Amino acid sequence: MTPAEIVRRWLRLVVADAELSPYLVGVDLDRLAAHLAASLTAALADEPADAWGGLGLSEAQRRRIGDYLAGVCWAADLPGERIAQARRAVAR
């Protein structure tokens with residue numbers, strides 16, 4: 001599964017979350033998806049990434065987004081270390 005495919009599934013989960021979806025009102029989801037795919041690619045290459053910066057999410061909300069990402073990555077059979085890298089990138 002490519003980063004773009006992971007992001008597509010990940011973003012669907014976030015958009016479906018009743019607490020997180022209001023943060024995405026008025027956001028260009030295609031542009032956000034491209035940004036998230038670039039951030040995920042950077043995170044998996046162990047480079048700095050700020051996937052959700054600027055949206056004003058709380059630490060708990062960032063953790064929940066990380067949980068969604070971990071679930072999608074796990075379903076894609078990514079190795080545990082790669083999942084941890086990606087999750088750390090969204091927790092920042």
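Note that the structure is a prediction, hence the values are computed from the model and not measured. Position 1 is the first residue of the sequence; numbering continues from there.
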Show the nearest heavy-atom pair for residues Arg9 and Val72, with the distance to one decimal. CB-CG1, 3.9 Å

Against Glu59, only a single residue in Arg63, Gln61, Arg62 fulfils side-chain hydrogen bond (donor to acceptor under 3.5 Å, both in side chains); can you say which? Arg63

Side chains of Val7 and Leu69 in contact at under 4.5 Å (non-hydrogen atoms): no

Roughly how far apart are Ile6 CD1 and Thr41 OG1, rounded to 0.5 Å? 8.5 Å

So, Trp10 side chain and Leu36 main chain: donor-acceptor pair closer than 3.5 Å or not? no

May I ask you to check whether over 12 heavy atoms, not counting those of Arg64, lie within 6.0 Å of atom CZ? yes

Hey, could you give me the CG/CG distance between Leu40 and Leu44, rounded to the nearest 0.5 Å? 4.5 Å

Can you tell me how far the CG atom of Leu29 sits from the NE2 atom of His35, to the nearest 0.5 Å? 13.0 Å

Looking at OG of Ser21 and CG of Leu13, how far apart are the two atoms once the value is rounded to the nearest 0.5 Å? 12.5 Å

Measure the spacing between CG of Asp17 and CD1 of Ile65 and express it to the nearest 0.5 Å. 8.0 Å

Note: Glu5 and Thr2 closest approach over all heavy atoms is OE1-N, 2.8 Å

Taking the side chain as every heavy atom from C-beta outward, state whether Leu20 and Tyr68 have any pair of such atoms under 4.5 Å apart. yes

Search all heavy atoms of Ala43 against all heavy atoms of Gln85 and return the closest pair with its distance. O-CB, 3.8 Å

How long is the span from the CH2 atom in Trp74 to the CD1 atom in Ile83, to the nearest 0.5 Å? 9.0 Å

